S.K.: 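To start, I am sharing the structure in question, which I have written as structure tokens.
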Amino acid sequence: MKVLHIASYHAGAGMLRLIFRDCNFLYLPVDLTYAPLPTDLRNISLLQYVYEYSKLIQHEEEYIAELLDDLVDFVNHDFSQYDDIVVWHGDTVSEQLFFSFV
């Protein structure tokens, strides 16, 4: 059985790797509380989100381009290849937004 665990942060995915050894892991590369949410999953909407996000985090352009690539990869991930998908989240606003996004 092929299982995917999805976490809201890289650190969360890392902790899950310690517990679940024979599974796959994925995490959302951005915190959705820092910019207006994308209106849909098209690349242009994701680009607009990352642009607004980048205004706050003020990183170099290379980082922003990599962040966009990671977000597009997350959205376009082939979820159909898994038998089970487990979404890990908490009660914070950030994690509830993540849960709704996923």
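No hydrogens, no waters, no symmetry mates; every other heavy atom, side chains included, goes into these values. Since we're looking at a predicted model, the values are computed, not measured.
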S.K.: Determine, step by step, whether Glu52 and Tyr34 satisfy the side-chain contact (heavy atoms from CB on, under 4.5 Å) criterion, reporting the C-alpha distance in whole Å, the side-chain angles of both residues, the deciding distance to 0.1 Å, and the verdict.
M.R.: CA-CA 8 Å; Glu52 292 297 325; Tyr34 290 106; over 6 Å; no

S.K.: Taking all atoms of both residues into account, what is the closest heavy-atom pair of Tyr49 and Pro36, and its distance?
M.R.: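 Nearest pair, atom of Tyr49 first, then Pro36: CD1-O, 3.0 Å.
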
S.K.: Please check if the side chain of Gln48 supplies one atom and the backbone of Pro38 the other of a donor-acceptor pair under 3.5 Å.
M.R.: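 Between the backbone of Pro38 and the side chain of Gln48 there is no qualifying donor-acceptor contact (under 3.5 Å).
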
S.K.: Got more than 12 heavy atoms from elsewhere within 6.0 Å of CG, Asp83?
M.R.: yes

S.K.: Any side-chain to backbone donor/acceptor pair from Gln96 onto Val93? Under 3.5 Å, distance only.
M.R.: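 Absent.
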
S.K.: Can Leu97 be reached from Val102 by stepping across I, L, V, M, F, W or Y side chains whose heavy atoms are under 4.5 Å apart?
M.R.: yes

S.K.: Decide side-chain contact (heavy atoms from CB on, under 4.5 Å) for Leu4 and Phe25; before the verdict, give the C-alpha distance in whole Å, the side-chain angles of both, and the deciding distance to 0.1 Å.
M.R.: CA-CA 6 Å; Leu4 174 66; Phe25 303 91; 5.5 Å; no

S.K.: So with a 6.0 Å cut-off around NE2 of His10, is the heavy-atom count from everything else above 12?
M.R.: no

S.K.: Say whether His5 and Tyr82, considering side chains only, have a donor N or O and an acceptor N or O under 3.5 Å apart.
M.R.: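 No - no donor-acceptor pair under 3.5 Å links their side chains.
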
S.K.: Hey, quick one: are Phe20 and Tyr27 part of the same hydrophobic cluster, counting side-chain heavy atoms closer than 4.5 Å, chains of contacts allowed?
M.R.: no

S.K.: Name the residue from Leu68, Asp69, Asp70 that meets the side chain to side chain contact (heavy atoms under 4.5 Å, CB included) definition with Val72.
M.R.: Leu68

S.K.: About how many Å separate CG of Asp73 and CD of Glu66, when rounded to the nearest 0.5 Å?
M.R.: 10.5 Å

S.K.: Give me the one residue out of Val50, Val75, Asp40, Leu37 that meets side chain to side chain contact (heavy atoms under 4.5 Å, CB included) with Ser45.
M.R.: Asp40

S.K.: Around atom OH of Tyr51, are there more than 12 heavy atoms of other residues, nucleotides or ligands at under 6.0 Å?
M.R.: no

S.K.: Carefully, step by step, assess Phe79 and Ile6 under the rule side-chain contact (heavy atoms from CB on, under 4.5 Å).
M.R.: CA-CA 11 Å; Phe79 295 98; Ile6 305 175; 3.7 Å; yes

S.K.: If you compare all heavy atoms of Tyr53 against all heavy atoms of Asp31, which two are closest, and at what distance to 0.1 Å?
M.R.: CE1-O, 3.6 Å

S.K.: Do Leu28 and Leu71 touch side chain to side chain, with heavy atoms closer than 4.5 Å?
M.R.: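 Touching, per the 4.5 Å side-chain cut-off.
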
S.K.: Please name the pair of heavy atoms, one in Gly12 and one in Ala7, separated by the smallest distance, quoted to 0.1 Å.
M.R.: C-CB, 3.9 Å

S.K.: Under the criterion side-chain contact (heavy atoms from CB on, under 4.5 Å), I'd like the reasoning laid out for Phe74 against Val30: C-alpha separation, chi angles, the key distance, then a yes or no.
M.R.: CA-CA 10 Å; Phe74 180 89; Val30 295; over 6 Å; no

S.K.: Under 3.5 Å, is there a donor on one side chain and an acceptor on the other for Thr33 and Ser94?
M.R.: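 Note: Thr33 and Ser94 side chains miss the donor-acceptor criterion.
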
S.K.: Report whether Val87 and Met1 are members of the same hydrophobic cluster (ILVMFWY, side-chain heavy atoms less than 4.5 Å apart, transitive linking).
M.R.: no

S.K.: Consider only side-chain heavy atoms of I, L, V, M, F, W and Y, link residues closer than 4.5 Å, and tell whether Trp88 and Val3 are in one cluster.
M.R.: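 Cluster IDs for Trp88 and Val3 match.
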
S.K.: Do Leu26 and Ile19 sit in one hydrophobic cluster, given that two such residues count as connected whenever their side-chain heavy atoms are within less than 4.5 Å of each other, even indirectly?
M.R.: no

S.K.: So, for Glu95 and Ser8, which heavy atoms are closest and what is the spacing to 0.1 Å?
M.R.: CG-OG, 3.7 Å

